[in-house]
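Below: one structure, written as structure tokens.
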Amino acid sequence: MNAPLRRVAISVLVLFTLLIVNVNVIQVVRSDELRSDGRNTRVLAEEYDRERGSIVVSGTEIATSVATEDRLTYLRQYPQGPLYAPVTGYYSLVYGNVQMERAANEVLAGTDDRLFVRRLADLFTGRDPSGGDVVLTMDPAVQETAMAGLEGVTGAVVALDPATGAVLGMASTPTYDPNLLSSHQPAEIRDYAAQLDALEIDPRLNRAIDARYSPGSIFKVVVSAAALASGEYTPDTVVPAPDELTLPQSTSTLENFGGSACDPSGQQSLIDALTISCNTAFAQLGIDLGEERVREMAEAFGITGEGFDIPLTVEGSTLGEIENDAQLGVSSIGQQDVQLTPLQAAMIASAVANDGTLMSPYLVDQVRAPDLSVIDQTDPDELSEPVSAEVADQLTDMMVGVVEDGSGRRAQISGVQVAGKTGTAENAGPDHNWFIGFAPADDPQIAVAVFVANGGGTGGDVSAPIAGDVMQAYLEGQGG
């Protein structure tokens, strides 16, 4: 063989070897990754040949599959589409799947290992394969009230069962209709997606878990917890509360909301400082406690910067970098680089409500086989214990004062004692408005966080009434 032919033969051999390697990488090494990729429309098309399992809330299917006469055997439908869209997401021939449709895809598609016996039986009996159902922890009254309260604004509501961590409600606005992204008409799907893309605010973003925001004064609950847990403070401990605080190593000054005075004497009790949400008192308190104590308490409440799954993926909340005492003071009133998701905010209230124990949030109650037999049940799991029961009781008393005598009055429920904290956070636009709380204060059944982006008012005016309505709807449904 002469030299030119030898070079050609070697080149062909190398190319053939690379082709074999590439095929093996795709078919073996990356097969699971590619099959689970929500953009893999070939896999989606195969899944349309089987009946996809339902997503269920309180016995009602909020995502279901119906038989068609199309080339694609089943059509995904969402009977209450916009109401549950932040949680269900969509199952799209063009854009793949998101949110619960993606997080629980293996169960819904029938490929989960827990459904192996069912698949084997289908093979031998000739029965058409189908997916399993996912039963959520959500409460319809909570979800409906939350979405109604957020109508016309951009925001989110999260409600938790403080004793278990079960998600009772997860609302995000603006919302959209997942049915229009899950049809069998690619052109119509793309047209609707283009309409959503053209909006100034993307309604496909679940603001409860996919984004984080400056929390403002709701973070004062965490700083209060750090102070009480230190053993050096009680709710009645008098702390400095000047009209204006000059930040350490800085010429910058910090004022109270609207330039108001917290107390004519320039000092007040810790409980009174929380009741009226005194900025200067909590900025100085955070500085006195030190970054280590504040950060450790934030992390104990779950503010670690790390994301987690419920099984929807939750963006990690963070305290941010704190370079000096001036930044620590501003961070202690929930500004600077402090960023929380609404779910994380609800977790703070939930831990206080549950005697200081934070339960891991979860959204899936049961996984059921196609014959409705339960193949998996979620057991509540303790995540951490940020504070003792004694400190939790002290925080509860302080938060009750906020609702009864302070900035959170509009969260009051007739005949029910409510504990809470308002927040008004400065940002690039109009202020964000927050409220976190729980009820009944003496026997908590529900913990909530309400966030309204750029609401422009105060947390007490804008978010507290929504929280009160959500808690009341749940308690009435429980016979409370």
A146: side chain to side chain contact (heavy atoms under 4.5 Å, CB included) partners, not counting sequence neighbours: V157, A171, V470

Donor-acceptor under 3.5 Å (T424 side chain, G459 main chain): yes

Summary of side-chain hydrogen bond (donor to acceptor under 3.5 Å, both in side chains) pairs that have at least one residue in residues 440-449, sequence neighbours excluded: D443-Q445

Flag for D191-Q195: side-chain donor and acceptor within less than 3.5 Å: yes

Flag for D272-S269: side-chain donor and acceptor within less than 3.5 Å: yes

Residue pairs involving residues 458-469 (criterion side-chain hydrogen bond (donor to acceptor under 3.5 Å, both in side chains); sequence neighbours excluded): T458-D461

Geometric class of the W434/F451 ring pair [parallel <30°, tilted 30-60°, perpendicular >60°]: tilted

Of all pairs that satisfy side-chain hydrogen bond (donor to acceptor under 3.5 Å, both in side chains), the ones with a partner from residues 315-333, not counting sequence neighbours: none

Any pair counted as salt bridge (Lys or Arg N to Asp or Glu O under 4.0 Å), so long as it reaches residues 224-248, sequence neighbours left out: E232-R293

Residue pair G457 / N433: nearest heavy atoms and the distance that separates them: O-ND2, 2.8 Å

Between S252 and S250, a side-chain donor and acceptor under 3.5 Å: yes

Side chain to side chain, M359 and S350, heavy atoms closer than 4.5 Å: no

Polar contact flag, side-chain donor to acceptor under 3.5 angstrom, Q284-D288: yes

D365 and Q377 side chains, donor-acceptor separation under 3.5 Å: yes

Hey, can you pull the donor-acceptor pairs under 3.5 Å for the side chains in residues 389-406, sequence neighbours left out?
from : atom 1 : to   : atom 2 : distance (Å)
T396 : OG1    : A392 : O      : 2.8
E404 : OE2    : Q417 : NE2    : 3.1

For A298, side chain to side chain contact (heavy atoms under 4.5 Å, CB included) partners two or more places apart: F219, V222, I303, L319

Within residues 255-314 or reaching into it, pairs that qualify as disulfide (SG to SG under 2.5 Å) - sequence neighbours excluded: C262-C278

Side-chain donor-acceptor contact under 3.5 Å, N454 with N427: yes

Partner set under side-chain hydrogen bond (donor to acceptor under 3.5 Å, both in side chains) for S260, not counting sequence neighbours: none

Check: L475 and P440 side chains under 4.5 Å, non-hydrogen atoms: yes

side-chain hydrogen bond (donor to acceptor under 3.5 Å, both in side chains) partners of R295, counting only residues at least two apart: E291

Where at least one partner belongs to residues 209-219, residue pairs that pass side-chain hydrogen bond (donor to acceptor under 3.5 Å, both in side chains), sequence neighbours excluded: Q99-D210, S214-Q339, S217-K220, S217-S277

Extract all donor-acceptor atom pairs below 3.5 Å that involve side chains of residues 147-155 and protein atoms in other chains or at least two apart in sequence.
none

